[in-house]
Amino acid sequence: MAYRWKNDLTRDDATPEAIYLNRRQWLAGVTGLGLVGATGVRAEEAFEPNPWEDITQYNNFYEFGTGKEDPARYAGQLTTTPWSVTIDGLVDRPGAYDFKDIMAQVTVEERIYRFRCVEAWSMVIPWNGFELSDLLDMAGVQSGAKYVAFETLLRPEEMPGVRYPVIDWPYVEGLRLDEALHPLTIMATGIYGRDIPNQNGAPLRLVVPWKYGFKSIKSVVRITLMEDEPPTSWNKANAREYGFYSNVNPDVDHPRWSQATERRVGGGLFAKRQPTLMFNGYEDEVASLYEGMDLTVDI
Ligand code: MTE
């Protein structure tokens, strides 16, 4: 059964500071998630959530520019209501699912996850969201489906970054169906108990904690169930550097830098880099998905 966060804070208390002070309850919550194998043994400070400011002012959302501060600066102009997600392809009930209707049918819970960008920085983020499998259940996945494709909104008048062909817009991503149905895979709709800010992918974005951050596609407008592996933006841009799987792996370096260690955002200029964890620390939960695969080939 999914963990439900014991929310003893009111909305007025939901400041980063207040939540920061309640860190021990959050760690207890992690235990409730059934992630002890992956997280409970880690040094406590390695699992202390980053403050709100780190999480919402140091972003990658290239639709708003490639600078880390561009999303916070420009994403405010994104219109996120009304919002719907089209679910199509190999499903029983294809159609446009209104965000409000989705939210009325799912249970939002707290998930404190490590987040590891392929650029070798990391954070710990207290997401609020629901399991992707709940959304896929609404649409009814058909037996022929093997992959799930995702697409981000493309609205040039609100997205200054799409003037530049950094990638082939819209941003697209994909998962194998068993990865998508894994209980760790969520659609995030909040951070620190507040609605997710635009720069982090409002109103709903994918979070796959054992994969590099670029798999966690933001501001999703379409989800398509398919038989074949879907194209993904970074793989299309540079297949040698970015594979379809993109599982966090300290033993497989990016062609241009090592992935053995990572810099914790907010750790300070002189903070020691920390070792990268296999599957970002979620090995006990997800390694079985890749049995028999050579993860140095299927990157
Ligand atoms: N989704 C879209 N649509 N556009 C992007 O540029 N960047 C990805 C991912 N999802 C990106 C995206 C990358 S590289 C990372 S590391 C994470 O979003 C960053 O998420 P955050 O800004 O919430 O930390």
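One-based numbering, in listed order, for ligands and for the atoms of each. Keep in mind the model is a prediction, meaning the values are calculated, not measured.
Heavy-atom separations between Glu173 and ligand 1 are all 4.0 Å or longer. At least one heavy atom of Phe115 lies less than 4.0 angstrom from ligand 1.
Among protein heavy atoms, the minimum distance from atom 7 (N) of ligand 1 is reached at Asn60 O, 3.3 Å. Distance from atom 5 (C) of ligand 1 to its nearest protein heavy atom, with residue and atom name: Tyr171 CE1, 3.3 Å. The protein heavy atom nearest to atom 9 (C) of ligand 1 is Gly213 O, 3.3 Å. The protein heavy atom nearest to atom 21 (P) of ligand 1 is Lys218 NZ, 3.4 Å. Here the protein heavy atom with the shortest distance to atom 13 (C) of ligand 1 is Phe214 CA, 3.6 Å.
Interface atoms of ligand 1 facing Tyr62, defined by a heavy-atom separation under 4.0 Å, are 5 (C), 6 (O). Close approach of ligand 1 to Asn200 is summarised as follows: ligand atoms under 4.0 Å from at least one heavy atom of the residue are 21 (P), 23 (O). Atoms of ligand 1 found under 4.0 Å from any heavy atom of Thr152, numbered from 1 in the order shown, are 3 (N). For ligand 1, the atoms lying closer than 4.0 Å to a non-hydrogen atom of Ser216 are 9 (C), 10 (N), 18 (O). Ligand-side atoms of ligand 1 in range of Cys117: 16 (S), range being under 4.0 angstrom from any heavy atom.
Here Tyr282 and Trp210 keep their ring centres 6.0 angstrom or further from each other. The distance between the ring centers of Tyr58 and Trp121 falls below 6.0 angstrom. For Tyr290 and Phe279, the ring centers sit closer than 6.0 Å to each other.
In terms of modelled atom types and a separation under 3.5 Å, the side chain of Asn235 and the main chain of Tyr242 share a donor-acceptor contact.
Considering backbone and side-chain N/O atoms, Glu63 comes within less than 3.5 Å of an N/O atom of ligand 1. Inclusion of Trp127 in the set of residues having an N or O under 3.5 Å from an N or O of ligand 1 is not warranted. Of the N or O atoms in Asn59, one or more lie within a sub-3.5 Å distance of an N or O in ligand 1. Of the polar atoms of Gln199, none of the N or O atoms is found under 3.5 Å from an N or O of ligand 1, judged by distance alone.
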- I would like to know whether Glu173 and Arg205 meet salt bridge (charged side-chain N to carboxylate O under 4.0 Å, His left out); could you show each step before the answer? CA-CA 11 Å; Glu173 258 305 335; Arg205 60 89 63 85; over 6 Å; no

- Message: Run Arg176 and Asp178 through salt bridge (charged side-chain N to carboxylate O under 4.0 Å, His left out) and show every step you take.
- Response: CA-CA 6 Å; Arg176 222 171 51 192; Asp178 57 347; 2.8 Å; yes

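In the candidate list Met159, Arg205, Glu119, Arg205 is nearest to atom 20 (O) of ligand 1, counting heavy atoms.
No hydrogens or angles considered: nothing links the side chains of Tyr164 and Trp169 as a donor-acceptor pair under 3.5 Å.
Ring planes of Phe64 and Phe61: perpendicular class, angle over 60° (limits at 30 and 60°). Using bins of under 30°, 30° to 60° and over 60° for the plane-to-plane angle, the ring pair Trp52/Tyr192 lands in the tilted bin.
Remark: Glu262 does not engage Arg114 in a salt bridge, criterion side-chain N to carboxylate O under 4.0 Å.
Taken to the nearest 0.5 Å, the NZ atom of Lys211 stands 12.0 Å off from the CG atom of Leu184.
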